[in-house]
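Indexing begins at 1, ligand by ligand and atom by atom, following the structure's order. Nothing fancy with the numbering, it's 1 onward along the sequence.
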Amino acid sequence: MSQVTRIEHPLIEHHLCRVRDQATRPSEFRAAVHRLSMLLGVYATQDLTTEPVGLTTPICETVGQQLAVRIGLVPILRAGLGMVEPMLQLLPDAAVWHLGLYRNEETAEPVGYYDKLPLQNAPNVALVLDPMLATGGSVDLVIRRLMQWGVDEIRVLSVIASQAGVDRVGRDFPDVKVYVAAIDPTLNDQSYIVPGLGDAGDRIFDTPT
Ligand SMILES: O=P(O)(O)OC[C@H]1O[C@H](OP(=O)(O)OP(=O)(O)O)[C@H](O)[C@@H]1O
Ligand SMILES: O=c1cc[nH]c(=O)[nH]1
Ligand SMILES: [Mg+2]
């Protein structure tokens with residue numbers, strides 16, 4: 001069964017306007033991606049496992065709940081880097097494991113160029129970060145790599161996904177939870193999301209091509 005959640009929230013709708021608008025400058029674009037990532041992050045972590053921990057406040061002893069899982073953030077280079085800092089604000093003790101992929105411009109197939117995952121040490125929960133989920137090819141490759149590594153649970157956070165992309169991930173990885181701010185209807189001839197926001201990596205890093 002597909003586990004795709006489109007988060008509905010007025011702040012998400014508001015900040016989506018900023019990232020979609022072609023007039024938005026890179027600094028504003030980065031800030032909007034930051035805010036959207038935090039909003040997605042809150043939802044994508046709402047059922048993480050916690051355990052009781054004893055505490056002493058200035059008044060008395062009490063018991064709180066702390067995270068009981070090792071979390072790894074997995075940004076897909078480059079664009080996923082724009083989501084790391086906001087997620088670290090929510091999860092300051094998370095490890096960050098980078099994976100580098102780019103899409104071949106002719107085929108739209110992902111090409112791997114950076115992978116330094118160790119043989120062991122896989123986190124319990126991996127949060128895959130990439131603002132765009134278009135054909136789903138890049139996320140597909142990353143999910144397979146994380147499964148091979150031995151990650152127990154994989155969640156994907158994207159700002160904008162295409163319908164075809166979320167359908168693909170839901171079909172091929174029914175155990176993977178996907179959290180998105182928007183699901184757009186189509187892809188164009190170059191496999192860009194429509195209406196989308198253009199090339200997220202180029203807009204974050206101000207590298208128009
Ligand atoms: O779902 P898919 O069809 O695989 O497309 C999505 C991928 O394409 C973009 O990366 P891009 O290749 O532009 O690399 P970049 O982050 O370096 O710009 C985006 O950030 C995703 O990683
Ligand atoms: O629409 C798209 C598709 C892939 N990558 C992007 O950055 N945008
Ligand atoms: Mg790009």
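Closest protein heavy atom to atom 18 (O) of ligand 1: Arg78 NH2, 3.0 Å. Atom 14 (O) of ligand 1 has as its closest protein heavy atom Leu101 O, 4.0 Å. Looking at atom 4 (O) of ligand 1, its nearest protein heavy atom turns out to be Ser138 OG, 2.6 Å. Nearest protein heavy-atom contact of atom 3 (O) of ligand 1 is Thr135 OG1, 2.6 Å. With respect to atom 13 (O) of ligand 1, the closest heavy atom belonging to the protein is Asp199 OD2, 3.5 Å. Given atom 10 (O) of ligand 1, the protein heavy atom at minimum distance is Arg103 CG, 4.8 Å. Looking only at protein heavy atoms, the nearest one to atom 22 (O) of ligand 1 is Asp130 OD2, 2.4 Å.
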Indicate every side-chain donor-acceptor pair of residues 146-155 with a distance under 3.5 Å to a residue at least two apart or in another chain.
| from | atom 1 | to | atom 2 | distance (Å) |
| --- | --- | --- | --- | --- |
| Gln148 | OE1 | Arg145 | NH1 | 2.9 |
| Trp149 | NE1 | Pro118 | O | 2.9 |
| Trp149 | NE1 | Gln120 | O | 3.1 |
| Asp152 | OD2 | Asn124 | ND2 | 3.2 |
| Glu153 | OE2 | Arg155 | NE | 2.7 |
| Glu153 | OE2 | Arg155 | NH2 | 2.7 |
| Arg155 | NH1 | Ala44 | O | 2.7 |
| Arg155 | NH1 | Asp47 | OD1 | 2.7 |
| Arg155 | NH2 | Asp47 | OD1 | 3.1 |

Using distance only, find each side-chain donor-acceptor pair of residues 89-99 under 3.5 Å and give its atom names and separation, not counting sequence neighbours.
none

In residues 63-88, what donor-acceptor pairs under 3.5 Å come from side-chain atoms, sequence neighbours left out?
| from | atom 1 | to | atom 2 | distance (Å) |
| --- | --- | --- | --- | --- |
| Gln65 | OE1 | Thr50 | OG1 | 3.0 |
| Gln66 | NE2 | Glu51 | OE2 | 3.3 |
| Arg70 | NH2 | Ala122 | O | 2.8 |
| Arg78 | NH1 | Thr207 | OG1 | 3.1 |
| Arg78 | NH2 | Asp202 | OD1 | 2.8 |

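Using a 4.0 angstrom heavy-atom cutoff, Gly136 counts as in contact with ligand 1.
For the pair Tyr43 and Leu157, the minimum side-chain heavy-atom distance is 4.5 Å or more.
Atom CD of residue Gln3 and atom OH of residue Tyr179 lie 7.5 Å apart, to the nearest 0.5 angstrom.
For Ser158 against Leu40, the heavy-atom pair with the smallest separation is O-CD1, 3.4 Å.
Remark: the backbone N or O of Val180 is not paired with any side-chain donor or acceptor of Arg6 at under 3.5 angstrom. Ser162 contributes a side-chain N or O that, together with a main-chain N or O of Gly165, makes up a donor-acceptor pair within less than 3.5 Å.
Under 4.0 Å is where a charged nitrogen must lie from a carboxylate oxygen, and between Asp199 and Arg203 no such pair does. By the 4.0 Å N-to-carboxylate-O rule, Arg20 lies too far from Glu13 to be salt-bridged with it.
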Evaluate the side chain to side chain contact (heavy atoms under 4.5 Å, CB included) criterion for residues Arg103 and Thr135: first the C-alpha distance (whole Å), next the side-chain angles of each, then the deciding distance (0.1 Å), finally the verdict. CA-CA 10 Å; Arg103 293 199 315 177; Thr135 66; 4.1 Å; yes
Report the C-alpha separation of Ile160 and Leu16 in whole Å, then their side-chain angles, then the decisive distance to 0.1 Å, and conclude whether the side chain to side chain contact (heavy atoms under 4.5 Å, CB included) test is met. CA-CA 9 Å; Ile160 301 183; Leu16 272 173; 4.0 Å; yes
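Under a hydrophobic clustering in which Ile, Leu, Val, Met, Phe, Trp and Tyr are joined whenever their side-chain heavy atoms come within less than 4.5 Å, directly or via other members, Leu129 and Val125 fall into the same cluster.
The contact shell of ligand 2, taken as protein residues with any non-hydrogen atom closer than 4.0 angstrom, comprises Arg103, Met132, Ala134, Ser191, Tyr192, Ile193, Gly198, Asp199, Ala200.
Against a heavy-atom cut-off of under 4.0 Å, Gly201 is close to the following atoms of ligand 1: 18 (O). Atom numbering of ligand 1 starts at 1 in the shown order; those under 4.0 Å from a heavy atom of Leu77 are 16 (O). Within ligand 1, counting atoms from 1 as listed, the ones closer than 4.0 Å to a heavy atom of Ala79 are 16 (O), 20 (O).
The distance from the Mg ion (ligand 3) to the nearest N/O/S atom of Asp199 is under 2.8 Å.
Atom 7 (C) of ligand 1 lies below 4.0 Å from at least one non-hydrogen atom of the protein.
The distance criterion of under 3.5 Å between nitrogen or oxygen atoms is not met by Asp202 with respect to ligand 1. Not one N or O of Ala108 is nearer than 3.5 Å to an N or O of ligand 1, by distance alone.
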